Each structure stands twice: as structure tokens, then as C-alpha cells.
2 protein chains.
Amino acid sequence: MKISAVKKLFVGSPLATAQARHERLSKTSALAVFSSDALSSVAYATEEILLVLVLAGTAVLAYSIPIGIAIAALIAVVVSSYRQTILAYPQGGGAYIVTKDNLGTLSGLISAGALMIDYVLTVAVSVAAGVAALTSAFPGLYDYRVVLGVLFIAGIATVNLRGLRESSNLFAVPTYLFVVSFAGMLAYGIGRWLGGWETPAAPAAKVAMSQDLTVFLVLRAFASGCAALTGVEAVSDGVPAFKPPEARNARIVLAWLGTILIVLFTGITFLARHYHVSPRPEETIVSQLARLIFGGGLLYYEIQAVTMLILVFAANTAFADFPRLAYFLARDGFIPRQFGTRGDRLVFSNGILILGGLAALLILLFGGATHALIPLYAVGVFVSFTLSQASMVRRWVTRREEGWWWRWALNALGAATTGLVTLVIAATKFSHGAWMVVLLIPLLVALFLMIRRHYQDVARQLSLDNYEGPPPIDHTVLVLVGDLHRGVASALRYAQTLSPSAKAVYVELDPERTRKLEEKWGKWGLGVPLVVLTSPYRSLLAPFLDYVNHLLALGETHVVTIVIPEFVPARWWQHLLHNQTALLIKGALLFRKRVVVVDVPFHLR
Amino acid sequence: MKISAVKKLFVGSPLATAQARHERLSKTSALAVFSSDALSSVAYATEEILLVLVLAGTAVLAYSIPIGIAIAALIAVVVSSYRQTILAYPQGGGAYIVTKDNLGTLSGLISAGALMIDYVLTVAVSVAAGVAALTSAFPGLYDYRVVLGVLFIAGIATVNLRGLRESSNLFAVPTYLFVVSFAGMLAYGIGRWLGGWETPAAPAAKVAMSQDLTVFLVLRAFASGCAALTGVEAVSDGVPAFKPPEARNARIVLAWLGTILIVLFTGITFLARHYHVSPRPEETIVSQLARLIFGGGLLYYEIQAVTMLILVFAANTAFADFPRLAYFLARDGFIPRQFGTRGDRLVFSNGILILGGLAALLILLFGGATHALIPLYAVGVFVSFTLSQASMVRRWVTRREEGWWWRWALNALGAATTGLVTLVIAATKFSHGAWMVVLLIPLLVALFLMIRRHYQDVARQLSLDNYEGPPPIDHTVLVLVGDLHRGVASALRYAQTLSPSAKAVYVELDPERTRKLEEKWGKWGLGVPLVVLTSPYRSLLAPFLDYVNHLLALGETHVVTIVIPEFVPARWWQHLLHNQTALLIKGALLFRKRVVVVDVPFHLR
């Protein structure tokens with residue numbers, strides 16, 4: 001009773017199945033729910049490009065402009081590709097469904113494994129980065145960063161357990177605040193630039209030039225900047241959450257998302273170049289830019305606060321999407337079935353809990369340090385991008401629907417580019433942790449296959465085809481007694497209703513006590529015969545198990561039911577004072593064939 | 001199977017009850033087992049005296065000689081008193097038994113509570129101090145002190161779980177090594193002194209004189225030195241572990257222990273004075289003394305190593321004694337019954353496990369810091385000393401056996417002295433943590449009384465006096481099904497053997513599945529009627545519970561047995577893939593009156 005009250009307080013009252021349709025998202029709500037992950041990458045993508053280029057000296061930072069344009073084009077390509085996917089898959093499902101459909105199960109599972117890893121990392125990295133932003137502003141909180149990270153995750157998970165509509169309301173505020181604030185900053189910055197405002201000199205970065213500018217370095221900078229793309233797939237995964245017409249609304253929202261992302265990302269990249277901002281360990285690019293444009297003050301702090309907020313809330317995209325992916329995998333039997341059932345509030349509670357748990361574990365293991373997690377981050381996304389777009393390429397070729405040729409070209413370009421980016425990311429970040437993901441994806445696929453094989457095996461064993469019906473049963477009912485009192489008498493009465501030939505079994509540790517028991521038995525034993533077993537090693541268990549084995553050996557159809565009188569005390573702590581023997585017996589007999597253990601409760605006042 | 005193999009590896013094969021007598025200890029073994037706690041205090045008792053005296057300046061350190069003599073006398077008094085106790089209580093039991101016998105249950109429980117706290121502290125303090133000695137020698141291990149402490153405790157607990165004789169063999173080595181090494185050091189030190197050897201100047205301590213020499217300060221120094229007495233009661237508690245004649249052998253061993261303790265303690269105290277050693281934070285008195293006498297080198301390191309070892313092994317005394325005290329308390333119904341049963345190896349396994357667990361918890365909570373635990377340490381011992389000796393005083397007066405008068409006087413002196421010491425310790429250490437023990441003792445006593453009241457209450461409820469026999473039973477058997485397959489068919493067959501009127505219950509989440517189930521039911525349902533319940537909230541549980549409640553409401557004699565088909569997978573990890581529903585149902589119905597839940601296992605290959 002108490003537990004259910006606590007659950008209601010945090011999670012809300014149960015919702016009926018018929019209410020499912022009303023939980024759908026409007027376009028503006030959907031944009032808030034599905035875009036925070038993608039948009040939050042604006043906070044660091046430009047910086048990632050500059051951090052690589054600066055290795056060849058500040059003079060080559062101008063290369064960020066063409067790289068930025070290339071990434072913007074890539075965003076456009078990927079977004080366009082996913083808009084085709086939505087059209088072809090209005091039921092949603094994202095990379096897993098699409099890849100499985102067109103390239104087969106194995107590729108689908110690779111996609112799924114890659115995405116699962118990435119969702120967990122999205123939560124961990126976003127929350128860690130958000131907390132880092134917070135603790136940079138309030139250094140006194142630094143010591144509590146791990147606890148803060150775990151609390152943030154618990155908070156987001158709780159909001160998601162309450163259900164989708166309520167969380168979209170909550171998350172709309174920071175997402176739109178972020179978009180408006182950054183758009184305003186860019187407009188103001190560009191306006192001052194066009195107005196001929198003299199830019200103050202940005203503090204020069206002191207960077208030791210360590211590498212020559214090579215094609216590889218430019219590619220690596222490009223690959224690093226591709227962090228901007230993480231999260232754009234979320235909309236196409238979540239199509240069924242939209243209000244009808246689902247596919248149309250989802251395509252519109254994805255177009256909005258792509259446009260906003262391109263504007264913000266290229267805007268930041270251009271302005272960073274114009275204001276001669278270069279990466280410094282102690283201050284982010286966005287922070288430097290905001291400081292230069294607004295000259296510090298309230299608006300600067302507003303930008304920082306909003307950046308912080310969207311980073312933490314970006315984790316929510318994964319909370320909307322991971323449980324959905326888990327649902328599809330569970331439906332197909334690749335992960336445990338309990339991920340396939342909705343909870344009281346029409347959300348996939350198990351997926352939410354496991355995602356929150358794994359992300360919190362990563363925060364704990366890595367001590368809340370963002371930089372240790374980031375190298376693992378983008379590999380998974382680009383693996384699934386590549387497979388998803390390659391699937392669409394295959395689909396157009398196979399189906400040859402009207403106008404397939406230009407769609408095919410678009411997806412082929414996307415697949416080739418994201419494939420290349422995947423290789424570059426894996427190669428340049430391999431030794432920094434990407435190897436873990438490269439290793440984990442095949443392990444997950446193996447696990448998925450193993451679980452499905454198990455379920456198929458069980459289904460075969462349970463199948464009624466060629467079944468001759470269950471074997472007949474020779475039934476023996478035993479009551480294990482240690483004494484004779486009202487609780488035992490009730491258990492004897494119960495055992496008699498199960499079988500008129502029920503027997504009581506007593507393990508003798510002390511002949512004197514046996515004598516006393518036998519005396520009482522004559523009066524209160526209800527006519528149930530008493531079997532006394534001797535025990536040379538003071539063990540209750542061994543002689544009893546021998547006796548049960550003896551009964552089971554009488555024949556293949558023999559089933560032994562063991563009735564154990566168990567106390568149910570009035571208060572929880574009193575459990576510690578009772579039932580140790582019952583627990584022991586149950587533990588010993590838990591998985592024995594043809595043995596059924598029955599606790600008969602005796603309620604104490 | 002696997003678990004029992006691991007248990008056998010660490011704990012050994014089970015021993016028969018008849019072997020109990022052979023597990024008895026010879027006198028030399030008993031001295032090793034029961035004396036390490038008492039003797040290990042030689043390592044710090046002198047230092048405790050000097051640490052107090054030095055507050056009034058190094059000039060007054062000479063007071064340590066009369067204080068040492070007084071404590072030696074006190075040891076003699078306490079040891080003599082306990083030798084009377086052994087004579088009067090050859091069945092053993094120590095302070096709890098003796099106090100309960102003579103001063104009543106409440107006093108007995110105060111003794112017991114005080115001793116229990118002290119045993120836990122003995123383990124924690126000894127192990128922490130032993131680890132500290134080790135990490136002083138190897139500073140690289142300092143970071144692992146908590147882990148080391150926990151490992152030491154786990155090791156000692158394992159040895160004790162194997163059984164008493166094996167542990168006495170293991171523990172004989174360090175105890176006798178300690179006695180021989182320290183006796184050798186004292187003999188050599190005194191020899192050189194008598195031979196007129198010029199003592200090198202001990203490094204002068206720089207101590208700010210902060211207090212005047214008052215009677216209170218001298219008393220406090222005396223009280224601190226009384227740490228030397230901790231553990232001397234162990235022999236009288238463990239009399240039944242001795243080879244027969246138990247009482248005679250125990251008295252001899254206690255006399256040996258007292259003599260060795262007095263010799264070593266006064267020897268260290270005298271030599272410390274003669275060699276002008278004063279307490280310094282960075283080096284112990286024993287270490288300074290050994291360094292002066294042996295001039296560093298191998299013998300110095302041997303003394304240090306042996307000191308280290310006996311401190312860790314001292315914890316073993318508590319492991320021999322705590323479970324025995326717990327046994328007596330469990331026998332009288334003051335703590336849970338499971339402390340009253342011997343395990344496979346004739347030891348009280350539960351007591352050993354709980355002592356190890358609590359001590360490890362203290363190590364974890366206090367970060368392995370000895371100095372934080374020491375102020376809590378002696379209060380408990382002296383409370384039990386006082387009560388135990390006061391009991392003997394009472395006994396002599398009551399019985400007036402031959403020669404009672406001088407025994408009475410001896411015990412009265414002991415009781416008065418230890419009572420005074422108890423007050424001094426409690427007063428001088430109160431604010432440093434002794435308050436916790438002063439608070440905890442009455443709490444433990446309250447807990448003991450609460451547990452006994454519960455057992456008495458249960459016994460009354462279970463009593464067959466005026467019992468009219470268990471009420472008759474109207475029995476309904478339900479099989480909860482989610483599908484129909486071989487596992488369910490077996491469960492239906494089983495349910496039919498329990499009651500010919502068994503019914504199957506299905507909660508409908510999707511009408512289409514119900515239709516399919518009903519089709520199969522006709523062919524494979526074994527004629528068991530199928531009840532279909534509807535569920536508007538997709539909850540399996542709520543409609544089923546409503547149905548069960550409805551059945552229970554039919555009459556006070558109604559008992560509902562719920563049969564749940566449960567999978568038993570071939571491998572443990574496969575459990576995660578099944579039986580979630582069964583678990584949920586069991587959780588919901590666990591403590592319902594007149595409801596019995598039966599899992600019927602279906603074994604998968």
C-alpha cells in the first residue's frame with residue numbers, strides 16, 4: 001500500500017489503454033521533445049572542429065568555414081534522407097526497423113546495438129556536460145558533480161515515467177528558450193558585424209603547433225564537427241508519437257529541426273571565425289562568443305544558463321527513444337519481453353529505468369568526467385546513420401517507385417559520406433575509447449541473437465504440436481514440521497484438503513523432543529501420520545532431502561508437494577525472527593524437478 | 001551445487017554431532033585462542049598511561065610506575081575473581097550468565113549488551129590497529145587500508161567458520177611468538193640494565209605542558225592504562241571449549257594468562273621508565289623501546305612484525321566468544337533463534353558472520369581509523385567486569401559456602417575498583433565517543449526485551465491450550481494463465497490433483513488473443529473451466545486481485561490456492577527472460593490471509 005502511494009506521488013495515477021491516443025504530441029511539442037539532443041550539439045560542435053585544426057596552428061582556423069559548410073550540407077543530406085524514411089516508415093522505428101527490413105536481421109541488430117549504446121552515452125555525456133557547465137558557474141558544487149549527475153538522471157527518468165505529454169510540456173521551455181536565445185545572439189552578432197562595429201580583440205590562444213595541415217587532419221576536423229549530427233534521427237524513430245497525420249507532421253518537424261540546426265551551427269561557426277575566437281581550455285567557444293557579442297552582463301549569463309539547461313535536457317531525447325527501440329527489439333524477441341509492455345502511465349517503464357540506470361552507472365564509473373566519455377560518443381550514431389541510409393539505397397533500387405532515382409542518389413551520397421565519417425571517427429578516436437564501442441556492438445548483437453534463440457527454443461519446447469497432454473501424476477503431500485502448534489495444525493488441515501494421504505515429516509535432532517512431539521501428535525495431529533527422520537549431522541536439510549529423493553525415485557510420474565508452515569508476523573522486522581528454516585528448504589528445493597513447495601501462511605497478531 | 005562446493009572449499013566438510021567433543025581445546029591451544037586479545041593490549045596500554053601523564057609534563061612520567069603496579073594488582077584481582085567464576089560456572093557463559101543468575105535478567109542483559117558492543121569493537125580496533133602497523137611499515141599500502149581491514153576480517157571469519165580446533169592451530173603461532181619475543185626483549189633489556197649498560201638518550205619529546213598534576217589526572221591515566229585488561233574475561237566465557245576437566249584446565253590457563261599479562265605489562269612499563277621513553281606521535285612506545293634495546297636491526301623488526309600480527313589476530317578472541325554469547329542470548333529468546341544453532345562445522349556460523357559484518361561496517365564507516373574507535377572501546381568491558389564481579393559478591397553472601405568471606409572480599413574489591421574505573425572511563429571519554437556506547441547499551445537491552453516479548457507473544461498465539469483445532473477449509477484452486485502451452489497444461493494437471501474443481505483464470509488485455517486462447521482451450525484445457533477477466537488499465541494484477549477478493553468474501557472458511565506455472569530455465573541468466581509475472585503476483589499476494597500461492601515449475605532444457 002505504501003509503495004503504491006509513493007509510486008502514485010512520483011509517477012501519477014494509471015491511465016487506461018483507451019487514453020493512449022490522447023497522449024500524442026503536437027508539432028511544437030514534438031520539436032521540443034525530439035530536438036534537444038540534436039540542438040544541444042551546437043554548444044560544442046564548432047569547438048570540436050577548431051580543437052583539431054588548432055593542432056596545425058591558429059593560422060589554419062579559417063578552414064573551419066568550408067568544413068562548417070560541408071557539415072551543414074551533410075546535415076541537409078541526412079535530414080532529407082530521414083524525411084524519405086518517415087514517408088516509407090510512417091509506423092516509426094528508425095534505423096533498426098529500416099535496416100532490418102532492407103538489409104536483413106543481422107544489419108538491423110548492428111544498427112540497434114549501435115543506437116542503444118549511443119542513447120546511453122547521450123544521457124551520460126549530456127548530463128555530465130550540463131553538470132560541468134553548472135559547476136563551472138558555481139565551483140562550490142564541483143565536489144558533488146557525481147551526485148548531481150545521478151540526481152539529474154533520476155529527475156529526467158521520473159518525468160518520463162509520468163508519461164510523454166507531461167514531459168513534452170516540461171521540456172518545451174528550455175528547448176525554445178535555447179533556440180530563441182541563440183538565434184538572437186547570432187542576429188545581434190551579425191547585425192553588429194554588418195553595421196561595421198569594430199570587434200574587440202579576442203584573447204589569443206597559446207597553442208603549440210604540433211602537426212602539419214594534412215588532408216587527414218582536415219578530415220578529422222570534419223569528423224569531429226559531425227558531433228553536430230547526433231540526435232537528428234530521433235524524429236524518424238518517434239513518428240507514432242505524433243498527432244495524426246503522423247508521417248506528415250513528423251516530416252515537417254524534421255525539416256524545422258534541420259533548418260534550425262544548420263542556421264545555429266553555421267552561424268556559430270561563421271561568427272567564431274569573424275570574431276577570431278580560438279579554443280581555450282578554460283572557456284568554451286560559445287562562452288567566448290557570447291561574452292564578445294554581449295560584452296558580458298545579463299545576456300551573457302542567459303546564454304550560459306540556457307546552454308547548461310539544454311545539455312541536461314538533451315538526455316530526454318534518449319529517454320523518449322531508447323524505450324521505443326527496446327520495445328521493437330522485445331517485440332522481435334531479441335531482448336527480454338518485459339521491455340515490450342507499457343506501464344501504468346502508457347510509457348515503457350522498463351526501458352526508461354534501464355536507460356537511467358546504465359547512464360547513472362557510467363556517470364559513477366567515469367566520475368562524472370565528460371571528456372572521458374566523448375570519444376565513445378559518435379561512433380554508434382554514424383554506424384546507424386550509414387546502415388539506415390544504405391538500407392534506403394537498397395529499398396529504392398528494389399522497389400523503383402516513381403522518382404526513385406534522385407532519392408536513390410541522395411541516400412547514396414548520404415550513406416557514402418556517413419560511412420566515410422564512421423571510418424574516420426573510429427580510426428582517429430580508436431585508442432581514446434572508441435575501441436570499446438567497436439567491441440561492444442558485436443557483443444550486443446551476439447547477446448540479441450542468443451536471447452532470441454532461447455525464446456525460440458522455449459517456444460518449441462512449449463509447443464502443443466504433437467503433444468500428448470501432460471503425464472498423469474502420483475501425488476505425495478508432505479508437511480515439514482519442527483514442532484506441533486496452531487500454525488502447524490492449520491498447515492496439516494490445509495495439506496489434508498490437498499490430499500487425504502498427506503504425511504507429516506519431522507527431522508529428529510534430539511530424541512527427547514521427538515518424544516514430546518509424539519505425545520502432542522496423538523491429540524492434535526488430525527490423524528495425519530508422522531514420519532520421523534534421524535539426523536547425525538544436526539542438519540535439518542540432508543535427511544529431508546534424502547527422503548524426498550526416495551519418494552521421487554518411486555516413479556517418473558511421482559510429484560512431491562512439500563507444505564511448509566510459515567509465520568506472517570504483524571510487523572516487518574519480526575520476519576527476521578522467523579522462517580529461516582522455510583527459506584532454507586525453499587532454497588534447497590527451488591529448482592528440483594517434480595517438487596512443488598507450498599508455504600502455508602499463519603498470520604500472527 | 002556450485003555454492004556448496006565453494007562453501008566446502010572455504011569452510012570444510014560437515015562434522016557430525018558426535019565429533020563435538022573432539023573439537024575441545026588443550027590448555028596450550030586454549031591459551032593461544034583466548035589470550036591474544038588480552039596480550040595484544042600490552043602493545044598500547046603503557047602508552048595510554050604515558051599519553052595522559054605527559055599532559056602535566058615529562059617530569060611526572062615517573063608516576064607511571066605506581067600506576068602500572070596498581071593496574072597489575074587490578075589484573076591480579078580481576079583474574080582471581082574470574083577464577084572463582086569458572087569454579088562456580090563450569091558450564092561457561094561469562095558475565096551474561098553470571099549476572100543474570102545473581103542480579104536478575106535486566107542486569108544480565110546490560111552485561112550482554114556491553115559485551116556484544118565490545119566484541120565488535122575488539123575486532124574493528126584490533127584489525128584497524130594491525131593494518132595501521134602494517135601500513136606504517138609499507139606506506140604504499142596506506143590507500144588500501146579499508147580494503148585490507150575488510151579482507152583481514154573476512155580471513156579471520158573464514159578461519160573461524162572452519163571450526164575451533166583448526167583455528168587454534170593457526171593462531172597458536174603468533175600468540176606464542178609474541179609472548180616469547182616480548183619476554184626475550186624484556187629479559188635482554190633488564191639484563192643490560194642490571195649489567196650497568198649505559199642507556200643511550202631517548203629522543204626527548206616536545207610536549208606543551210597543559211595541565212597540572214591532579215588526582216583526577218592520575219586516575220585518568222590509571223583508567224587509560226586499564227585498556228590492558230580488555231579481553232581477560234574471554235577464558236571464563238569459553239570454559240566448555242576446554243578438554244575435560246574443563247573448569248580445572250580453564251582456571252590454570254587463566255592463571256597463566258594473568259601471569260604473562262602482568263609480567264609483560266609491568267615489564268614494558270618499568271623499562272619505558274628506565275630508558276626514559278616518552279610518547280611521541282610518530283613512533284609507539286614499544287617501537288622506541290625495541291629500537292633502544294636492540295639498537296634497530298632484525299630483532300627490532302621482529303618485535304614490530306609480531307606486534308602487528310597479534311593485533312590482527314586479537315580479533316580472533318572475539319570470534320571465539322561473540323558467537324557463544326549470542327548462543328546464550330538466543331537460547332533465552334533475547335535475539336533471533338538462528339544464533340542458537342551450530343553450523344555444519346560445529347561452530348555458531350551466524351554469530352561469526354554477523355560479528356564479521358558489523359566489524360567490517362565499522363571499519364568502512366570510520367575509514368579504518370583506529371584513533372576514532374578507541375574511545376568507545378573499554379566502556380563495555382568494564383561495565384561487564386563490574387556487573388560480573390558484583391554478581392559474585394552477591395553469590396557469596398547468599399550462599400555462604402566454606403571460605404566465602406575472603407572470596408567475597410576479593411570480589412568486592414574487584415567490583416568496587418572496576419566500578420570506579422567504569423565511571424572514570426565514561427566520564428573522561430564521554431565526549432570522545434563513549435556517549436555512543438552509553439546510549440547503545442540501553443537500546444540493545446530494549447531490543448533484547450522486545451524480541452523476547454515477541455517470541456513469548458507468538459508462543460501464546462501458537463499454544464495448543466484451549467485449542468479447538470484448525471477451522472474447516474472451503475478450498476478453491478485457481479490457475480493463473482497467460483497462454484496455453486505445455487507448461488500451462490502441466491500446471492492444469494497438477495491443479496486437478498489438488499482439487500477436482502480447479503479453475504483457470506485469464507486476464508484479457510486484447511480480445512483477439514482471448515479468442516485464440518479459447519480455441520486452443522477446447523482441445524488442450526483438460527476440461528478445466530476458463531474464467532476470462534477484462535482489464536481496462538492493461539493491468540494483469542488488479543482484475544485478478546478483485547476476483548480473488550470476491551472469492552475470499554464468500555466466507556471466513558474460504559481458502560484460495562493460486563497455482564502459477566513458472567519456467568525453470570536451464571541456465572541462470574535465462575531467469576531474467578521469464579517469470580516476471582509470477583514474481584509480481586507473488587509480491588502482491590505474499591501476505592494475504594487465506595491465500596496460498598503455489599509455483600508449479602516447468603523445467604526447460
Side-chain angles (χ1 to χ4, degrees), chain A residues 14-18 336-338 341-342 344 451 454-455 457-458 461-464 467 469-473 475 484-487 489-490 492-494 497-499 520 523-524 526 536-539 559 561 567-569 574 576-578 580 591-593 595-601 603-605, chain B residues 14-18 336-338 341-342 344 451 454-455 457-458 461-464 467 469-473 475 484-487 489-490 492-494 497-499 520 523-524 526 536-539 559 561 567-569 574 576-578 580 591-593 595-601 603-605:
Chain A
L15 298 174
T17 317
R337 283 181 185 143
Q338 48 267 41
T341 44
R342 286 175 187 267
D344 287 346
I451 288 173
H454 171 75
Y455 278 135
D457 187 40
V458 169
Q461 290 184 49
L462 295 178
S463 163
L464 295 172
Y467 185 47
I473 290 176
H475 194 207
L484 181 52
H485 50 60
R486 291 187 186 210
S490 298
L492 291 175
R493 172 75 85 213
Y494 178 80
T497 70
L498 299 188
S499 162
K520 280 196 267 183
K523 188 169 177 198
W524 296 112
L526 302 178
Y537 293 96
R538 299 165 319 287
S539 165
V559 172
T561 296
F567 295 118
V568 180
Q574 295 167 346
L576 298 173
L577 308 176
H578 298 286
Q580 311 302 324
F591 300 133
R592 291 295 295 277
K593 274 191 187 178
V595 171
V596 176
V597 180
V598 182
D599 301 317
V600 177
H603 291 263
L604 299 171
R605 284 183 304 274
Chain B
L15 297 174
T17 317
R337 282 178 186 146
Q338 49 267 41
T341 45
R342 285 175 187 267
D344 286 346
I451 289 173
H454 170 75
Y455 279 133
D457 186 40
V458 169
Q461 291 184 47
L462 295 178
S463 163
L464 294 173
Y467 185 47
I473 290 177
H475 194 208
L484 181 53
H485 50 59
R486 291 186 187 210
S490 298
L492 290 175
R493 173 75 86 215
Y494 179 80
T497 69
L498 299 188
S499 162
K520 280 195 267 184
K523 190 168 177 199
W524 296 112
L526 302 178
Y537 292 98
R538 297 166 319 289
S539 165
V559 171
T561 295
F567 295 117
V568 180
Q574 294 167 346
L576 297 174
L577 308 176
H578 298 287
Q580 311 303 324
F591 298 132
R592 291 294 295 275
K593 274 192 186 177
V595 172
V596 176
V597 180
V598 182
D599 300 317
V600 178
H603 291 263
L604 299 171
R605 284 184 303 274

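Sequence lines set the chain letters: A, B, ... in the order given, protein chains first and strands last, and positions in each chain run from 1. Owing to the predicted nature of the structure, the values given are computational and were not obtained by experimental measurement.
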Trainee: Quick one: list whatever passes side-chain contact (heavy atoms from CB on, under 4.5 Å) with Pro470(A), sequence neighbours left out.
Mentor: Tyr467(A), Ala489(B), Ser490(B), Arg493(B), Leu526(B)

Trainee: Any idea which of Arg337(A), His475(A), Arg605(A) has the most non-hydrogen atom pairs under 4.5 angstrom with chain B?
Mentor: Arg605(A)

Trainee: Between Leu492(B) and Trp524(B), is there a side-chain heavy-atom distance shorter than 4.5 Å?
Mentor: no

Trainee: Quick one: what part of Tyr455(A) sits under 4.5 Å from any heavy atom of chain B, side chain, backbone, both or neither?
Mentor: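 Only the side chain of Tyr455(A) comes within 4.5 Å of chain B.
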
Trainee: Quick one: closest heavy-atom pair of Gln461(B) and Arg486(A), and the distance?
Mentor: O-CD, 3.1 Å

Trainee: In chain order, what residues pass the salt bridge (Lys or Arg N to Asp or Glu O under 4.0 Å) check against Lys520(B), with sequence neighbours excluded?
Mentor: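 For Lys520(B) the salt bridge (Lys or Arg N to Asp or Glu O under 4.0 Å) partners, ignoring immediate neighbours, are Asp483(B).
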
Trainee: Could you report the tightest heavy-atom contact between Pro601(B) and Val596(A), atom names first, then the distance?
Mentor: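 For Pro601(B) and Val596(A), the tightest heavy-atom pair comes out as CD-CG2, 4.0 Å.
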
Trainee: Which bit of Ser463(B) is near chain A, if near means a heavy-atom gap under 4.5 Å: side chain, backbone, both or neither?
Mentor: backbone

Trainee: Looking at Lys523(B), His454(B), Gln574(B), which has the largest count of heavy-atom pairs under 4.5 Å with chain A?
Mentor: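 So the answer, after comparing Lys523(B), His454(B), Gln574(B), is His454(B).
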
Trainee: Under a 4.5 Å heavy-atom cut-off, does chain B meet the side chain of Arg592(A), its backbone, both or neither?
Mentor: backbone

